[in-house]
Participant: 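Here you go, one structure.
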Amino acid sequence: MKQKLIYILLLFVSIISYGQVNLSLESDKAEYNGREIINLTIVLELNGGDLEQQSVFQLPDLSKFTIIGSGSVTNSFMDPLTNTVITEKITRLALEPKKKGKIRIGSVLVTVSNKIYKTEPFDIVIKDIDKKSSAHIAAQNEVFLNMEIEDREVYQDQPTIAVLKVYSRNIDNLRKVRNIQLPQQDNINVHPVHFRKSEIDPSDMGGSMASQVIAVFMVFPNHAGYVEVPAVSASVNTLSSKNKILSNKVKLNVKKLPEGAPGSFKNAVGNFKVDVYCPTAGKTEVEKPMNVVVKVSGEGNIMDMKLPGIEVSQDYEFFNPKITSKVYPGKVGMKGEIFANYIVIPKKQGAISIKTEEFSFFDPEKKEYVEVPVAQLSIHSFSHEQMMESRSTVEKVNEYTNNFLETVNTPVLKTTSFKVKEKNKFNWNVLFVNIAILLSLFIAYLVFRNWQKKRSLVSKTTSTQSLGSVAETEEEIRTMLKTDITDYFNYLKNLKENNDYIKFFETVEELDSEVRNQYFQSSTKDFTMFLENYKGNHIAEEYRTLSQKIQIEKYAPVKSEEGIDELYNTIVKLYSSISK
């Protein structure tokens, strides 16, 4: 009996220890077309700090493939529910098949704590290649997205920075990535930092692939526990098709906020201060509306936190505010100011104190809660009689005049219509004047025709002279058609300052069309070739890069003032040099 119990216990121990190590090998799909890139993902998960990986991944026989890229990342975090350390190592391989048909992917081996673990083999199918579209398919599938988050252990509502990179063997493919869609999920809030492309790194992943940063954004997890950031999507645009690509997913270990939060704490994480003021000067009258602004400034989750409002009182009445903001990305969160514009109606005469609600926030640097002092606005409201007595004589006369014009019906002046009396006698002078005008026009026509004949004879005698080169004629016509692009620059600046981005990009397209017409180029591609031949490769490359930036900013889900300002400066600089 004892031996049976020992056997059962050993069996359970082996099952538990086996469950602490998870090893998997997966491909992104089961069927591929021709030379389409195969993505293999190896995941090793160790649940427990006493487990040790003693060997690297032993890959199966991949002689039927060409390894064109690889990358690895290791994550370690603490499970708040079980208090165990979880280590996750992910390796990704990009393979190119050498032949068609059914190919078996063998097992991956790894040694952990003196025990060997392996994955199950599986089959993939390589179909026939489409000769017309194989080049485009291969180019599209050579582009990979990777989302990198360095700080994966944060507090609830504390931001962490995510960097999106694109990888490819062919640098030209990096320019084809468009329409970046940031992740959306209920348990996270995402705010973009910028979509500016960095310089291309040609030596990433051991020199086999080039990389480029194409987006940076902030992730604010609003739930504690393990939070998975969804994949970022983008499209790879070619002349014939458009493919969608996805990045990897990232797990975050979101820590709960410490206990002992004050009753005024809602969800503000960062560092903030509160102020209340009246934006308009002048006296306040009872039962007449006035404007009161509650301003919250600081850095943190300012875009997603619950703002403090005005405290309820019997001395005044207020309505739901209109919220405006001036916020931009900071170092440890979104930074700026949020304005809550209230309409407040005083209910009594005399001194009134308008207070804000109690407000507190959690400071992740000091790891403590901070209570913000209540902001207060003191006003003095007057009755209608007191307001009338305090007015000057000119103000009283103006008010009396306005009331008079609004309430008293003033008489309307009577107008009479004048009619021209008809004349029975015919006016011969008018007839003679008209005949004289017709004769003078006929004589002028004969003189002009005689001058034109003489001019045609002179042109025939000088036809053998040089008419100038085609280039000179083209330059003269282009000078006549040349548009003053400074008008476009001033108009674009006004649209940028007014945040009218739709009209801004329409005007940019109109400016580009005008400049191309000056050089008799109908399409962007022809104009780029023209710039390479006559302006140099440097100007042509700047024009091609600017066109890509315009498309990125135009279709960006969220447009930043910093990105639009940089785009405007680049437009002014490039088109000024082109139109010289």
Side-chain angles (χ1 to χ4, degrees), residues 136 172-181 194-197 214-215 234-243 468-580:
H136 298 298
D172 185 60
N173 289 335
L174 303 182
R175 303 187 181 96
K176 301 176 183 178
V177 180
R178 303 282 188 277
N179 304 326
I180 301 170
Q181 300 293 329
H194 65 78
F195 290 93
R196 298 190 305 272
K197 290 187 176 182
I214 59 175
S235 60
V236 180
N237 295 348
T238 62
L239 296 176
S240 60
S241 63
K242 180 166 132 180
N243 266 19
S469 64
V470 176
E472 293 174 351
T473 305
E474 183 177 336
E475 180 66 25
E476 182 180 355
I477 296 174
R478 183 165 63 250
T479 304
M480 296 173 61
L481 296 176
K482 192 170 185 178
T483 306
D484 188 5
I485 62 175
T486 56
D487 295 338
Y488 281 99
F489 295 158
N490 295 330
Y491 187 43
L492 287 173
K493 184 177 181 181
N494 293 332
L495 294 176
K496 174 177 68 69
E497 293 175 351
N498 295 328
N499 297 329
D500 190 356
Y501 298 134
I502 297 177
K503 191 66 177 176
F504 177 85
F505 287 104
E506 290 178 355
T507 307
V508 170
E509 293 179 358
E510 184 178 345
L511 168 62
D512 182 68
S513 178
E514 288 289 342
V515 173
R516 284 190 281 107
N517 289 336
Q518 292 178 13
Y519 295 93
F520 310 102
Q521 305 296 326
S522 59
S523 66
T524 305
K525 183 177 180 181
D526 295 338
F527 189 48
T528 305
M529 297 176 62
F530 172 81
L531 292 177
E532 290 180 356
N533 295 329
Y534 294 96
K535 296 287 185 177
N537 293 331
H538 178 67
I539 297 295
E541 183 62 26
E542 287 186 358
Y543 177 77
R544 189 183 295 109
T545 304
L546 177 60
S547 301
Q548 296 173 356
K549 288 183 178 179
I550 291 173
Q551 295 302 316
I552 291 173
E553 291 291 346
K554 180 178 180 181
Y555 296 105
V558 179
K559 296 176 176 60
S560 63
E561 294 183 2
E562 181 182 1
I564 296 296
D565 289 340
E566 182 180 352
L567 181 63
Y568 169 76
N569 295 330
T570 307
I571 290 173
V572 172
K573 179 180 178 182
L574 180 59
Y575 283 99
S576 297
S577 62
I578 291 177
S579 298
K580 286 183 179 180

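Every value quoted in this text rests on a predicted model; they were computed, and no experiment measured them. In this chain, residues are counted from 1 in sequence order.
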Participant: State which residues pass side-chain hydrogen bond (donor to acceptor under 3.5 Å, both in side chains) with Asn494; sequence neighbours excluded, sorted by chain then number.
Facilitator: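 Asn494 satisfies side-chain hydrogen bond (donor to acceptor under 3.5 Å, both in side chains) with no other residue.
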Participant: For the atom pair NZ (Lys493) and CG (Asp565), what is the distance rounded to the nearest 0.5 Å?
Facilitator: 10.0 Å
Participant: Do Ser577 side-chain atoms and Leu574 backbone N/O form a donor-acceptor pair below 3.5 Å?
Facilitator: yes
Participant: Just by distance, with hydrogens left out, do Asn499 and Tyr501 show a side-chain donor and acceptor under 3.5 Å apart?
Facilitator: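 Yes, a side-chain donor-acceptor pair sits under 3.5 Å.
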Participant: When you measure from the side chain of Asp512 to the backbone of Val508, do you find a donor-acceptor pair of N or O atoms at a distance under 3.5 Å?
Facilitator: no
Participant: With sequence neighbours left out, what residues match Tyr543 under ring pair (Phe, Tyr, Trp, His ring centres under 6.0 Å)?
Facilitator: Phe527
Participant: Hey, could you give me each pair passing salt bridge (Lys or Arg N to Asp or Glu O under 4.0 Å) that has a residue in residues 537-551? Not counting sequence neighbours.
Facilitator: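 For residues 537-551, and leaving out neighbouring residues, the salt bridge (Lys or Arg N to Asp or Glu O under 4.0 Å) pairs sorted by first residue read Arg175-Glu541, Glu532-Arg544, Glu541-Arg544.
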Participant: Compare every heavy atom of Thr507 with every heavy atom of Tyr488, then report the nearest pair and how far apart it is.
Facilitator: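 Where Tyr488 meets Thr507 most closely, the heavy atoms are CD2-CG2, 3.9 Å.
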Participant: Which distance, rounded to the nearest 0.5 Å, do you find between the OH of Tyr575 and the OG1 of Thr570?
Facilitator: 11.0 Å
Participant: So how far is it from Glu510 CD to Leu492 CG, rounded to the nearest 0.5 Å?
Facilitator: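 Glu510 CD to Leu492 CG: 9.5 Å, rounded to 0.5 Å.
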Participant: Set out, in order, the CA-CA distance, both residues' side-chain angles and the distance that settles side-chain contact (heavy atoms from CB on, under 4.5 Å) for Leu495 and Tyr568, then state yes or no.
Facilitator: CA-CA 11 Å; Leu495 294 176; Tyr568 169 76; over 6 Å; no
Participant: Measure the spacing between CZ of Phe489 and CD1 of Ile571 and express it to the nearest 0.5 Å.
Facilitator: 8.5 Å
Participant: What pair of heavy atoms forms the shortest contact from Thr528 to Ala540, and how long is it?
Facilitator: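 Answer, listing the atom of Thr528 first, then Ala540: O-CB, 3.8 Å.
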Participant: From Gln551 CD over to Asn179 CG, what is the distance, rounded to the nearest 0.5 angstrom?
Facilitator: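 Taking CD in Gln551 and CG in Asn179, the distance rounds to 9.0 Å.
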Participant: If every non-hydrogen atom of Lys496 is compared with every non-hydrogen atom of Ile564, which pair is closest and at what distance?
Facilitator: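 Closest approach of Lys496 to Ile564, heavy atoms only: CG-CG2, 3.6 Å.
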Participant: Distance check, rounded to the nearest 0.5 Å: Ile578 atom CD1 versus Leu531 atom CG?
Facilitator: 5.0 Å
Participant: When you compare the side chain of Phe530 with that of Arg516, does any pair of heavy atoms fall below 4.5 Å?
Facilitator: no
